[in-house]
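Presented below is the structure to which this report refers.
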Amino acid sequence: MDREHQEKPSPTGGLSEPEAAERAGHHNATVATPGAQRRVLVVEDDPTIVEAIAARLRAEGFLVQTAADGPAAVETASSWHPDLLILDVMLPGFDGLEVCRRVQSQRPVPVLMLTARDDETDMLVGLGVGADDYMTKPFSMRELVARSHVLLRRIERAAVAATTPRPGSVRLGDLEIDRTQRRVRAAGKDIHLTPTEFDLLMCLARSPRAVLTREQLLAEVWDWADASGTRTVDSHVKALRRKIGAERIRTVHGVGYALETPPGFAGENGATGQATAEG
């Protein structure tokens, strides 16, 4: 992605006006806060933004390190093992998309991407390389912190779920969702989904053919009950469609989405139909 195609940052550095003044902390330093357990790596080349994000996260009890370019981000992630990566798309060295690819190939980690443009194509590309969520500049620091907590809670829930016995798989025609291993197969082929995409698919699969509003999906999957985030839902649905097939998810304009099912489907516990629950 070419830097010249990105919008130039605003005088506030991409932050909302009241938050542009939140500038504290030391660049590339780790500050241990009493009781802090979660590590966050913030990758951003604008000093105003990175210092404000780092200060706010430290105030929330996180351990924070920062990096200002692609190579430094990959090196820090490899040595420091963060629990969350907050990652700007445009960076010196190589861009945030390449950082995301390299970090995810070493060790899966939730990624919140920051972009200077409200461009859905950029967002879909980011989700395609393993990002879990995104925010556009200027952003609310309060919302960034909330979304960071949400991503970390999802990882915790996934870890608990992995050790909790539950029904093995759900079949919807040639779509198979293995809840225990968090794996998906469509038309006999393994489909790689990000943790967020898998949670979104499972949310839809729990109520096949039922229309779930964007607000319901946002609350259930992201644990974020703010209508301002519904575009996040739309972008993740598009990314999911690309992987499992567009025809499997129906859009109900002005309302939300529904997971399509084969003819004769009667639900997970139904006596007829091609879809069954196993395990």
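Count residues from 1 along the sequence.
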T251: which residues meet the side chain to side chain donor-acceptor pair (under 3.5 Å) condition with it, sequence neighbours left out? R241
Y134 and S235: side chain donor to acceptor below 3.5 Å: yes
Assess the residue pair V255 and L212 against the criterion (side chain to side chain contact (heavy atoms under 4.5 Å, CB included)); give the C-alpha distance rounded to whole Å, side-chain angles, the decisive distance to 0.1 Å, and a yes or no. CA-CA 8 Å; V255 183; L212 300 181; over 6 Å; no
Is there a path from W80 to L85 through hydrophobic residues (I, L, V, M, F, W, Y) whose side chains come within less than 4.5 Å of each other? yes
Given D199 and R182, is the salt bridge (charged side-chain N to carboxylate O under 4.0 Å, His left out) satisfied, shown in steps? CA-CA 9 Å; D199 290 345; R182 294 179 66 86; 2.9 Å; yes
Which atom pairs, donor and acceptor, lie under 3.5 Å between side-chain atoms of residues 187-195 and protein residues at least two apart or in another chain?
from	atom 1	to	atom 2	distance (Å)
D190	OD1	R185	NH1	2.9
T194	OG1	E197	N	3.2

Going by the salt bridge (Lys or Arg N to Asp or Glu O under 4.0 Å) test, which pairs reach into residues 62-91, not counting sequence neighbours? R38-D83, D88-K137
Is a donor on one side and an acceptor on the other found under 3.5 Å between the side chain of S207 and the backbone of A210? no
Specify the closest pair of heavy atoms between G96 and L87, including all atoms of both residues, with the distance to one decimal. O-CD2, 3.1 Å
Measuring from L240:CG to T196:OG1, what's the distance to the nearest 0.5 Å? 11.0 Å
For C203 and L217, work out which heavy atoms get closest and say how close. SG-CD2, 3.7 Å
Taking all atoms of both residues into account, what is the closest heavy-atom pair of T66 and A54, and its distance? CG2-CB, 4.1 Å
Is a side-chain N or O of Q104 found less than 3.5 angstrom from the main chain of G130, in a donor-acceptor match? yes
Step by step, would you call R147 with T232 a side chain to side chain donor-acceptor pair (under 3.5 Å)? CA-CA 11 Å; R147 292 201 188 192; T232 295; 3.3 Å; yes
Q216 side chain to T213 backbone, donor-acceptor under 3.5 Å: yes
Determine, using the 4.5 Å side-chain heavy-atom cutoff (strictly less than), whether L201 and V211 are members of one ILVMFWY cluster. no
Derivation of the side chain to side chain contact (heavy atoms under 4.5 Å, CB included) call for V109 and V103: CA-CA 8 Å; V109 59; V103 170; 3.5 Å; yes
Heavy-atom nearest pair, P71 first then G93, reads CD-CA, 3.9 Å
Measure up the H236 and W222 rings against each other and bin them: parallel (under 30°), tilted (30 to 60°), perpendicular (over 60°). perpendicular
Within a 6.0 Å radius of atom CZ on R250, are there more than 12 heavy atoms belonging to other residues, nucleotides or ligands? yes
Can you name the closest pair of heavy atoms from P110 and L151 and give their distance? CB-CB, 4.3 Å
Full working for side chain to side chain contact (heavy atoms under 4.5 Å, CB included) between R209 and L259: CA-CA 5 Å; R209 289 188 177 172; L259 186 65; over 6 Å; no
Cation-pi geometry met for R56 and F62 (6.0 Å, 45°): no
Do I249 and L204 make a side-chain contact, defined as non-hydrogen atoms from C-beta onward lying under 4.5 Å apart? yes
Short side-chain to backbone donor-acceptor contact, R107 and S78, under 3.5 Å: no
Is any side-chain heavy atom of L41 closer than 4.5 Å to one of V43? yes
Distance in Å, E51 CD paired with E44 CD, rounded so as to fall on 0.5 Å steps: 11.0 Å
Side chain to side chain contact (heavy atoms under 4.5 Å, CB included) between L144 and L112, worked out: CA-CA 9 Å; L144 181 141; L112 173 60; 4.2 Å; yes
Scanning both residues in full, the closest heavy-atom pair of D45 with M90 reads OD1-O, 3.9 Å
In Å, rounded to the nearest 0.5 Å, how long is the span from CE of M135 to CD1 of I86? 9.0 Å
Using a 4.5 Å cut-off on heavy atoms from C-beta on, say whether the side chain of Y257 contacts that of R214. yes
Do any N or O atoms from the side chain of S105 and from the backbone of R102 form a donor-acceptor pair under 3.5 angstrom? yes
Return the CE to CZ distance between M202 and F198, rounded to the nearest 0.5 Å. 6.0 Å
Working note: R248 + E260, criterion salt bridge (charged side-chain N to carboxylate O under 4.0 Å, His left out); need CA distance, chi angles, decisive distance, verdict. CA-CA 5 Å; R248 299 183 192 273; E260 290 290 78; over 6 Å; no
Answer yes if the side chains of D178 and S169 hold a donor-acceptor pair under 3.5 Å, and no otherwise. no
